[in-house]
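Taking it in order: structure first as structure tokens, then the write-up.
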Protein chains: 2
Amino acid sequence: MEAPIKILIADDEADILEIISFHLIKAGFEVHTAKDGSEAIEKANTYAPDCIILDIMMPKRTGFEVCEYLRSNSQFDKTLIVLLTALNDEASHIKGLELGGDDFITKPISPKVLISRISALFRRLQPSVGQNKVINCNDLSIDLTQYKTTLKGVNYILAKKEFELLYLLAAQPGRVFLRGEILSQVWGNDVIVGDRTIDVHIRKIRAKLGIDCITTVKGVGYKFDY
Amino acid sequence: MEAPIKILIADDEADILEIISFHLIKAGFEVHTAKDGSEAIEKANTYAPDCIILDIMMPKRTGFEVCEYLRSNSQFDKTLIVLLTALNDEASHIKGLELGGDDFITKPISPKVLISRISALFRRLQPSVGQNKVINCNDLSIDLTQYKTTLKGVNYILAKKEFELLYLLAAQPGRVFLRGEILSQVWGNDVIVGDRTIDVHIRKIRAKLGIDCITTVKGVGYKFDY
DNA sequence: ATCTATATTATCAAATTGTTAACTGACCTT
DNA sequence: AAGGTCAGTTAACAATTTGATAATATAGAT
């Protein structure tokens, strides 16, 4: 993870702010706080957080109003909005979600639940960041952390470059990778190797696995298809 | 939205299945159902739904087990998983979210809430999918990132130039492209090829796809019309 | 009917990829 | 240190696919 994920929490109850902040900071987030709706908008503009947790009942501007403001501003297109309230009524739920909220958590808040849910939202948002480095596709499994490839449970030993090439392609099944992309991803930008090199490695992968999981797209590149 | 969003619901209570199905269908989703965990996995593989709603308490396999299975398979990377339970306890919440669930809804279910939340999940998911350079027109789909052309779900392999030509035309259906435009877009400005070359490629596309999706505008050029 | 633009077909040239074998250097064994 | 093994690379050639052109046929317009 490069930059820490920024979260802004807006609630008028100081002790809630404090508790949530504590847990979020402990979970590795960068946390900012606001004590009312106006301050929330202000700080949202200042810090451009990745996620904003809004209490609905707040002075100056309600969570709904802040949510509406944020969603009308393209700058916050990718910002997650979590609404927070003591009210457990359906109407608020629906209103919040329809105003563009991404999730809805009812008080009393369990810090564990809050963090689980926020993590789930981010997991969905940044599939690539997912720490799961195992690709499973039908009966083929490619485990980056173990450099291990199994097919129908049987282990196949691929050389480093073969493995990296297969992993790259399989990470985005169906997508065509240009030869140039493959070279820069697997071999790096400064290394200069010929085009034939890719072919030979592709061939070795096909031969070792014995299945036709890599498709040639003539004049374009290769793609994983299985 | 071209294709309808597919949702799979798994619950062992028939009346719940029915009620939810009814509302989801009314909301414009394509709905499939399963009455236990094993059937859920089966149908997930068959229909590749965009969203799977899982009851936690189910015979054969619990919602947790199904969730775990789905999340370990890259085929379902982009599938939303919503967990459903009568239990309102925090432990299930956390377990579900940590297993990769995207949302968690407690029974008794309000159809309105359910649909609001699913819509919210999809709204959030769309932007990343929106990057796709896929042209969809009736039952014809042209995917630039995959260099893949399908008609009624059947894959047709076009050569590079054929594909690029079709993609160019289909990107702006109805618009007539002059021969000069086609040449400079597909072949580039420095390459010099004759006019007949375009005709030949157009013909190959028509022959391969078997449909008349490209119209000749005599004396002017060609246009995509389908 | 004639003229023009496009469609079709066949053919050849060019580009791309597949395959095999050989070379190099790193690493391991003895 | 010599010999062996293996990953990675390249070269050379074969196989295949694709692209372009020319020649001819057809259709559309005036």
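What's counted below: heavy atoms across the whole structure, side chains too, no hydrogens, waters or symmetry copies. Per chain, numbering begins at 1; letters A, B, ... match sequence-line order.
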Original post:
C/dT9 P sits how many Å from B/His201 NE2, rounded?
Top reply: 16 Å
Subject >> Integer-rounded Å distance: D/dA20 C1' and B/Leu183 CG >> reply: 12 Å
**OP:** Please report, rounded to the nearest Å, how far the P atom of D/dG19 is from the CG atom of B/Asp195.
**Re:** 18 Å
**OP:** In plain terms, say whether B/Asp139 and B/Lys152 are close enough for a salt bridge, that is, a side-chain N and a carboxylate O under 4.0 Å apart.
**Re:** yes
Original post:
Hey, does the side chain of A/Thr216 come within less than 4.0 Å of C/dT16's phosphate (OP1/OP2), counting only N and O?
Top reply: no
Subject >> Aromatic ring pairing A/Trp187/A/His201, orientation class (parallel under 30°, perpendicular over 60°, tilted between) >> reply: perpendicular
**OP:** Apply the test side-chain contact (heavy atoms from CB on, under 4.5 Å) to residues B/Leu54 and B/Leu8: give CA-CA distance (whole Å), side-chain angles for both, the deciding distance (0.1 Å), then the verdict.
**Re:** CA-CA 8 Å; B/Leu54 294 170; B/Leu8 170 65; over 6 Å; no
Original post:
When you check the phosphate oxygens OP1 and OP2 of D/dG8, does a side-chain N or O of A/Arg196 lie under 4.0 Å from one of them?
Top reply: no
Subject >> Nucleotide C/dT8, atom P - distance to CD1 of B/Ile202 in whole Å >> reply: 11 Å
**OP:** Could you pull out all residues at least two apart from A/His23 that satisfy ring-ring contact (aromatic ring centres under 6.0 Å, His included)?
**Re:** none
Original post:
Are any of A/Tyr222's side-chain N or O atoms less than 4.0 Å away from OP1 or OP2 of C/dT16?
Top reply: no
Subject >> Side-chain N,O (A/Trp187) to OP1/OP2 (D/dT9) below 4.0 Å >> reply: yes
Original post:
Mapping A/Lys208 and A/Gly194 onto DNA chain D by nearest heavy atom, which one lands closer to the 5' end?
Top reply: A/Lys208
**OP:** State whether the number of non-hydrogen atoms from other residues, nucleotides or ligands found under 6.0 Å of B/Lys35 atom NZ is greater than 12.
**Re:** no
Original post:
For B/Thr197 and D/dT21, is the shortest distance between a side-chain N/O and OP1 or OP2 below 4.0 Å?
Top reply: yes
Original post:
Between C/dA5 atom C1' and B/Leu178 atom CG, what is the distance in whole Å?
Top reply: 15 Å
Subject >> Comparing B/Lys218 and B/Arg203 on DNA chain C - which has the more 5′ nearest nucleotide >> reply: B/Lys218
Subject >> Euclidean distance, atom CG of residue A/Leu166 to atom P of D/dG8 [Å, nearest integer] >> reply: 14 Å
Original post:
Atom NZ of B/Lys204 and atom P of D/dG19: how far apart are they, to the nearest Å?
Top reply: 6 Å
**OP:** For B/Lys160 and D/dA20, give me the distance from atom NZ to atom P, rounded to whole Å.
**Re:** 10 Å
Original post:
According to a strict under-4.0 Å criterion, is A/Arg206 in side-chain N/O contact with OP1 or OP2 of C/dT19?
Top reply: no
